[in-house]
Protein chains: 2
Amino acid sequence: MRPMNLEDIARKAGVSRSTVSRVINHEAYVSERTRQRVLQVIEAESFSPNQAAQMLARGRTFVMGVVVPHETGAFFDDPFYFPTLLRGVTEVANQRDYATLLWLGDASLEGTRFYRRVLQNRLMDGLFVSTAPTDGILLDWLLELHIKFVVAERPVHSADRISYVTVDNVGAAIMVTEHFLRLGRRRIAHIVGRRTNIDALDRLAGYRQALARAGCPVDEALIEDGYFTRRGAYEATLRLLPHRPDAIFAAHDQMAVGVLQALHRAGRRVPEDVAVIGFDDLPTATEVSPQLSTVRQPVHEKGAQATRLMLDMIDGSVTEPQHLLLPTELVVRETCGGTSP
Amino acid sequence: MRPMNLEDIARKAGVSRSTVSRVINHEAYVSERTRQRVLQVIEAESFSPNQAAQMLARGRTFVMGVVVPHETGAFFDDPFYFPTLLRGVTEVANQRDYATLLWLGDASLEGTRFYRRVLQNRLMDGLFVSTAPTDGILLDWLLELHIKFVVAERPVHSADRISYVTVDNVGAAIMVTEHFLRLGRRRIAHIVGRRTNIDALDRLAGYRQALARAGCPVDEALIEDGYFTRRGAYEATLRLLPHRPDAIFAAHDQMAVGVLQALHRAGRRVPEDVAVIGFDDLPTATEVSPQLSTVRQPVHEKGAQATRLMLDMIDGSVTEPQHLLLPTELVVRETCGGTSP
DNA sequence: AATCTAAATGGGAGCGCTCCCAGAACCTGA
DNA sequence: TCAGGTTCTGGGAGCGCTCCCATTTAGATT
């Protein structure tokens with residue numbers, strides 16, 4: 001049997017299609033009596049309007065998209081970052097009565113084919129981009145197609161034309177490095193996340209800047225790639241050890257765990273021999289021993305703020321590109337004790 | 001400016017609306033010459049059809065939904081399970097050209113309000129239900145509304161009317177418990193996941209069955225609740241210790257980690273004093289020391305198979321409720337060594 | 001009661017597609 | 001050459017809403 005439509009409800013309530021529509025959309029100019037009668041019928045028939053028709057007629061979908069490119073790997077590498085971000089997004093979407101279309105990049109799909117699918121889908125009023133690999137062209141395409149979107153990362157280029165919400169990664173990395181320096185550490189190593197990730201690059205940049213500022217020469221042998229994986233960081237640490245680091249700044253907590261494991265295996269004491277600081281403040285940070293010092297960033301809030309911004313762009317209350325920097329905080333725990341080596 | 005529509009493309013290509021529609025939908029009966037001309041225009045204008053209109057006209061949306069009730073907590077507790085499941089779902093959805101609408105339960109939303117939103121959304125051809133709390137009414141509502149759906153868990157009731165894909169949790173728990181028995185353990189404890197979760201209840205049931213079968217009386221003091229959290233399991237273990245367990249079966253790996261931590265703190269050796277087995281075989285299992293023995297279940301496959309089943313139900317190639325049980329495997333690592341206490 | 005205004009209601013048009021039917025164009029073979 | 005089929009093409013109707021305008025009704029004011 002055909003599902004009910006406005007007309008059916010109208011007939012049952014003895015009113016017109018238009019009136020039912022008004023009731024459903026909470027419009028003014030409906031008498032209280034009529035409203036109640038209509039609501040009763042709607043309830044009785046457990047009717048809800050056909051959204052495709054609404055979309056078509058309104059030219060608005062009340063659907064937003066979330067893209068997670070596959071390259072990020074975030075979904076696997078970092079078991080908390082992405083889900084937390086996603087919660088922030090969906091919470092705001094729920095609040096504002098938006099539905100969320102999820103686009104998870106697929107390893108089996110060539111990158112551009114995936115993007116094509118996303119971009120050709122005209123079902124979304126706007127798009128939340130969790131991360132945009134620096135070697136990707138997604139953002140350029142989005143700009144070109146005049147799609148409203150917000151990125152949860154600093155875009156490498158065209159940043160003035162793009163809205164984004166992120167944290168000051170450079171500043172946070174400076175904070176970490178200076179903390180090590182203050183503790184008297186001089187052979188500070190950094191394990192880079194991924195060279196196609198702007199957060200990772202910014203953290204690297206901050207690390208370099210802090211050393212430069214302190215007049216410390218940067219020893220390139222103390223910079224290794226960890227690819228945002230625990231295993232990658234584990235191996236990076238083993239490569240690092242011959243160069244006698246007394247501190248290691250890992251670009252995220254999951255990698256920091258790998259660092260701790262490698263140090264443990266190599267018989268180095270933490271923090272006495274080597275101090276360690278991570279990034280993100282995942283639950284893991286307090287679950288490892290010794291407990292991990294790290295940089296806390298408001299991931300949930302990042303998703304929420306970015307989504308708010310995007311929905312504001314959709315309904316026109318924000319028209320210019322906005323850039324939001326959320327605060328970070330150095331959380332000192334056991335892995336970066338105050339003692340010198 | 002108004003976005004292009006079929007008519008615009010038709011005009012530019014010198015054909016009719018219908019012909020353009022045929023080309024877009026790969027229908028037969030379009031001459032090769034015309035097809036090429038139309039495709040060229042479409043490409044040039046980077047046109048893609050308005051999906052709202054397609055949905056309305058077709059009565060099909062090619063959108064599927066994914067529900068994750070909030071109560072599950074899975075999103076936080078177990079950092080891998082849900083994301084992995086989700087990947088399985090979206091991969092198949094991508095393959096079959098479905099978009100995925102994500103419904104993440106929201107703590108701030110009362111349960112039924114959340115469900116109402118999901119159910120009233122008439123944008124989906126079908127629904128993937130990741131988990132259905134045993135005290136919930138989601139499944140009943142779905143049945144009542146004749147919505148096509150598949151659950152990634154065994155439903156507590158009406159199971160014969162519901163399609164689901166899961167693993168044999170009872171069997172797996174029996175496997176674990178019998179493994180302990182074979183190793184000579186006699187005071188085997190179990191840490192229950194959550195009493196509103198059928199997987200958890202089935203694992204508990206399997207544990208009981210295996211003991212009963214072996215003629216071992218079940219000591220209720222050896223059964224504790226861990227609420228599917230590491231912390232919960234940690235505390236459960238501490239409560240368990242006075243009852244001198246020589247083996248602990250945790251209902252999932254994250255909890256097993258909590259068990260290991262508690263045992264470590266209490267100075268118990270693993271596996272010599274207490275053997276431990278978890279469930280899921282998350283990456284964590286090999287990242288802890290000693291490495292965790294566990295039950296491997298094909299989570300990704302579960303999501304994929306369930307989605308396939310659901311899409312088959314939508315397009316009518318499957319009409320009867322189907323029940324799929326995917327295989328599990330006991331992965332023996334270090335936490336359940338062969339030595340007796 | 002008559003007048004004016006504001007509130008309440010109904011219905012046509014249109015959103016951009018698909019589906020179906022009618023008809024044109026093309027091909028075959030007698 | 002023409003009938004008879006197949007292939008191709010065009011356009012009307014309709015999907016279920018919203019939006020707007022026209023009209024009716026109720027309420028306030030004299």
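Residue numbering restarts at 1 for every chain, and letters A, B, ... go by the order of the sequence lines.
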Pair [X], [Y]: side-chain N/O donor-acceptor within cut-off below 3.5 Å:
{"X": "A/Asp135", "Y": "A/Thr196", "result": "no"}
{"X": "A/Lys302", "Y": "A/Tyr164", "result": "no"}
{"X": "B/Gln322", "Y": "B/Asp312", "result": "no"}
{"X": "A/Glu153", "Y": "A/Thr166", "result": "no"}

>> Here's one to test your reading of the geometry: is the NZ or CZ of A/Arg60 within 45 degrees of the ring axis of A/Phe62 and under 6.0 Å from its centre?
In response: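 Verdict for A/Phe62: a cation-pi partner in A/Arg60.
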
Check residues 23-34 of chain A and write down every donor-acceptor pair under 3.5 Å in which the side-chain atom is one partner and the other belongs to a residue at least two apart or another chain.
| unit_1 | atom_1 | unit_2 | atom_2 | d |
| --- | --- | --- | --- | --- |
| A/Asn25 | OD1 | A/Arg58 | NH1 | 3.4 |
| A/Asn25 | ND2 | A/Ser21 | O | 2.9 |
| A/Asn25 | ND2 | A/Ser21 | OG | 3.4 |
| A/Ser31 | OG | A/Thr34 | N | 3.3 |
| A/Ser31 | OG | A/Thr34 | OG1 | 2.6 |
| A/Glu32 | OE2 | A/Gln36 | NE2 | 2.8 |

> Starting at OH of A/Tyr29 and ending at P of C/dT5, how long is that distance when rounded to a whole Å?
Replying inline: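 Roughly 15 Å, once rounded to whole Å.
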
> How many Å lie between CZ on B/Arg35 and C1' on D/dT9, as a whole number?
Replying inline: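 In whole Å, D/dT9 C1' lies 13 Å from B/Arg35 CZ.
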
> So, is A/Ser31 near the phosphate of D/dA26, with a side-chain N or O under 4.0 Å from OP1 or OP2?
Replying inline: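 No.
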
> Counting just side-chain N and O atoms, does A/Thr19 come under 4.0 Å of either OP1 or OP2 of C/dA8?
Replying inline: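 Answer is no, no contact under 4.0 Å.
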
>> One character per nucleotide, please: for nucleotides 12-20 of chain D, 5' to 3', B when the base has a protein heavy atom closer than 4.0 Å, S when only the sugar-phosphate does, - otherwise.
In response: BBBBBBBBB

>> Testing A/Glu7, A/Glu43, A/Glu45 one by one against A/Lys12 for a salt bridge (charged side-chain N to carboxylate O under 4.0 Å, His left out), which residue passes?
In response: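 Between A/Lys12 and the candidates, salt bridge (charged side-chain N to carboxylate O under 4.0 Å, His left out) is satisfied uniquely by A/Glu45.
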
>> Checking side-chain contact (heavy atoms from CB on, under 4.5 Å) between A/Thr131 and each of A/Asn197, A/Val67, A/Leu85, which is the one that passes?
In response: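 So, applying the side-chain contact (heavy atoms from CB on, under 4.5 Å) to A/Thr131 and each of A/Asn197, A/Val67, A/Leu85, only A/Asn197 qualifies.
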
> When the C1' atoms of the five terminal pairs at each end define the local axes, what inter-axis angle does the helix from C/dA1-D/dT30 to C/dA30-D/dT1 show, to 10 degrees?
Replying inline: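 Angle reported: 40°, given to the nearest ten degrees.
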
